[in-house]
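Note sheet for the following structure.
The chains referred to below are lettered A, B, ... by the order of the sequence lines, with proteins before strands, and numbering in each begins at 1.
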Amino acid sequence: MSYIPLANITLTSAQSSVTFGSIPTSVNGVALRDLVLVVNGNYTTADGNTLVRLNGDSGSNYSNVYMAGGGAGAGSGALSGVWLYGGGMNTTAGHSQIWNIMDYSATNKHKTVLNRSNEIGTNSAVYAWAGRWANTSAVTSVYIQGSSNFAIGSSFALYGIAG
Amino acid sequence: MSMTFIQHTELTGSQNSIVFSSIPTTFTDLLIVCSLRGNASSAYNDSFIQINGDTGANYSARALNGDGSSANSSSTSGASSSGRIGFSVGNNATASTFGSMQIYIPNYRSNTAKSIGTDAVTENNGGAYMNINAVLYSGTSPITSVSINGLSTDFVSGSSATLYGITRGSTPGVTVS
């Protein structure tokens with residue numbers, strides 16, 4: 001499996017969102033099949049989920065299902081609406097998330113997304129989310145937003161997986 | 001290619017731990033892929049991670065487990081000498097079966113606490129177990145060694161672990177802001 005680095009940013013000031021744009025479907029003649037987004041950081045204030053939109057689509061075109069374990073119990077549920085959901089972050093350092101966007105360059109299928117999140121601190125839990133974007137367009141941009149600002153030092157790295 | 005093979009270890013006898021040391025500082029993230037079987041007298045065998053040889057109470061963990069009929073969650077907080085990273089199979093499991101596990105450590109060279117995510121699965125000829133785990137190592141030194149261990153049990157011959165380095169970067173034309 002070949003990870004091809006596409007773009008990355010480490011925040012030098014707090015900001016509410018990060019956007020990756022002009023995502024190609026191939027690099028140097030090598031076709032890309034999946035996207036992997038690695039997030040490592042924390043929020044400046046409130047605890048809460050991390051949210052994603054694809055291609056700037058703010059319509060009600062997203063559906064999600066999750067399972068979570070907070071130590072005392074396990075839970076599962078579903079959400080639909082205008083976001084893809086990931087697990088939580090809080091204000092203490094040391095949270096990580098990996099987002100997998102499957103077959104993102106295909107133009108004949110809805111896009112499925114997996115999120116694995118690791119939150120230790122306030123409201124600690126381990127999460128797995130699965131989402132669907134009801135659109136057949138190739139993914140060209142990924143917008144990720146926090147429940148509050150992402151703190152200084154938070155990092156975001158996007159990779160393409162050749163296939 | 002940003003995913004680089006660093007080292008592979010396969011045990012030829014029982015051993016309590018698999019240790020990667022003198023980890024190069026040329027990558028941004030670490031990925032460890034494990035195939036583990038322990039000698040615990042049960043179908044399952046807990047596995048743990050220890051960073052930089054640190055045996056202090058610097059590890060917290062949350063786990064979500066599923067066995068095909070129910071799900072549960074467990075935790076350890078701040079009082080552990082190593083972080084629980086999930087199950088491998090134990091000595092009572094079907095012969096020749098090994099648990100599979102993937103461990104991802106972003107920003108392993110940072111000077112902040114380290115977030116470690118693991119996904120693990122075992123299959124025991126009809127009985128299966130899967131778990132996902134979040135570990136926080138509160139040490140702030142860059143990671144130079146990683147130990148995968150069975151705590152009070154050993155891993156048996158054939159258990160293996162492979163360490164990869166991931167390097168972030170950029171491709172011309174792709175934007176981020």
Side-chain angles (χ1 to χ4, degrees), chain A residues 1-10 15 17-24 27-28 32 36 38-42 67-76 87 89 92-98 116-121 124-128 141-142 153-162, chain B residues 1-4 27-29 31 33 59-66 70-78 83 86 102-108 110-119 130-140 164-177:
Chain A
M1 184 166 63
S2 178
Y3 274 51
I4 296 176
L6 296 177
N8 73 94
I9 186 171
T10 299
Q15 62 187 64
S17 64
V18 169
T19 302
F20 293 90
S22 302
I23 298 170
V27 173
N28 296 328
L32 302 180
V36 178
V38 179
V39 181
N40 184 208
N42 58 294
M67 57 182 184
S76 179
M89 284 191 183
T92 56
H95 308 289
S96 62
Q97 302 187 353
I98 297 179
R116 268 281 289 109
S117 296
N118 309 296
E119 178 186 14
I120 301 286
S124 298
V126 56
Y127 302 89
S141 73
V142 176
S154 296
S155 66
F156 305 78
L158 184 68
Y159 304 88
I161 297 180
Chain B
M1 187 173 76
S2 71
M3 182 175 176
T4 303
F27 309 104
T28 49
D29 301 348
L31 171 68
V33 180
Y59 303 84
S60 302
R62 297 290 181 277
L64 176 61
N65 315 297
S70 65
N72 63 73
S73 181
S74 59
S75 67
T76 57
S77 292
Q102 180 170 293
I103 304 165
Y104 198 92
I105 310 174
N107 288 322
Y108 73 102
S110 76
N111 295 310
T112 61
K114 311 299 186 297
S115 176
I116 302 168
T118 77
D119 298 354
M130 64 175 294
N131 48 74
I132 58 176
N133 305 270
V135 177
L136 180 68
Y137 171 59
S138 60
T140 56
Y164 299 90
I166 308 289
T167 307
R168 68 183 57 144
S170 60
T171 292
V174 183
T175 63
V176 60
S177 60

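Interface summary for chain B: among A:Gly153, A:Ala157, A:Ala74, A:Ala128, the most heavy-atom pairs under 4.5 angstrom belong to A:Ala74. The most heavy-atom pairs under 4.5 Å with chain A, out of B:Ser138, B:Ser74, B:Pro172, come from B:Ser74. If you tally non-hydrogen atom pairs under 4.5 Å between each of B:Thr112, B:Asp119, B:Thr118 and chain A, the highest count goes to B:Asp119. Counting heavy-atom pairs under 4.5 Å between each of B:Thr171, B:Asn72, B:Ile166 and chain A puts B:Thr171 at the top. Interface summary for chain B: among A:Ile23, A:Val38, A:Asn28, the most heavy-atom pairs under 4.5 angstrom belong to A:Val38. Note on A:Ser117, A:Ser96, A:Ser141, A:Gly160: by heavy-atom pairs under 4.5 Å with chain B, the leading option is A:Ser96.
Only the backbone of B:Asn133 comes within contact range of chain A, with heavy atoms under 4.5 Å apart. For a residue to count as touching a neighbouring chain, one of its non-hydrogen atoms must lie under 4.5 Å from one of that chain's; by this rule B:Tyr137 does not touch chain A. The part of B:Thr28 that comes within reach of chain A is its side chain, from C-beta onward, which places non-hydrogen atoms under 4.5 angstrom from that chain. For B:Ile116, the part lying near chain A is the backbone, with the side chain staying farther off; criterion is any non-hydrogen pair under 4.5 Å. For A:Val18, the parts lying near chain B are the backbone and the side chain together; criterion is any non-hydrogen pair under 4.5 Å. At a 4.5 Å heavy-atom cutoff, the contact between A:Tyr159 and chain B is made by side-chain atoms alone. Only the backbone of A:Ser17 comes within less than 4.5 Å of a heavy atom of chain B; no side-chain atom from C-beta onward does. Contact annotation for B:Ala63: only backbone heavy atoms (N, CA, C, O) come within less than 4.5 Å of a heavy atom of chain A.
Between A:Ser22 and B:Gly173, the shortest heavy-atom contact is CB-O, 3.2 Å. In this structure, B:Val174 and A:Pro24 approach most closely via the heavy-atom pair CG2-CD, 3.5 Å.
In this structure, the side chain of A:Ser76 does not engage the main chain of A:Met67 through any donor-acceptor pair within 3.5 Å. In this structure, the side chain of A:Tyr3 does not engage the main chain of B:Thr4 through any donor-acceptor pair within 3.5 Å. The backbone N or O of B:Arg168 lies less than 3.5 Å from no partner atom in the side chain of A:Asn8, so there is not a single donor-acceptor pair. Between the A:Gln97 side chain and the A:Gly87 main chain, a donor and an acceptor come within less than 3.5 Å of each other.
At a cut-off of 3.5 Å, with distance as the only test, no side-chain donor of A:Ser155 or A:Thr10 sits close to an acceptor on the other residue.
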Show your reasoning for whether side chain to side chain contact (heavy atoms under 4.5 Å, CB included) applies to A:Asn40 and B:Ser115.
CA-CA 8 Å; A:Asn40 184 208; B:Ser115 176; 4.2 Å; yes
Side chain to side chain contact (heavy atoms under 4.5 Å, CB included) between A:Val39 and A:Phe156: does it pass, once the steps are laid out?
CA-CA 5 Å; A:Val39 181; A:Phe156 305 78; 3.7 Å; yes
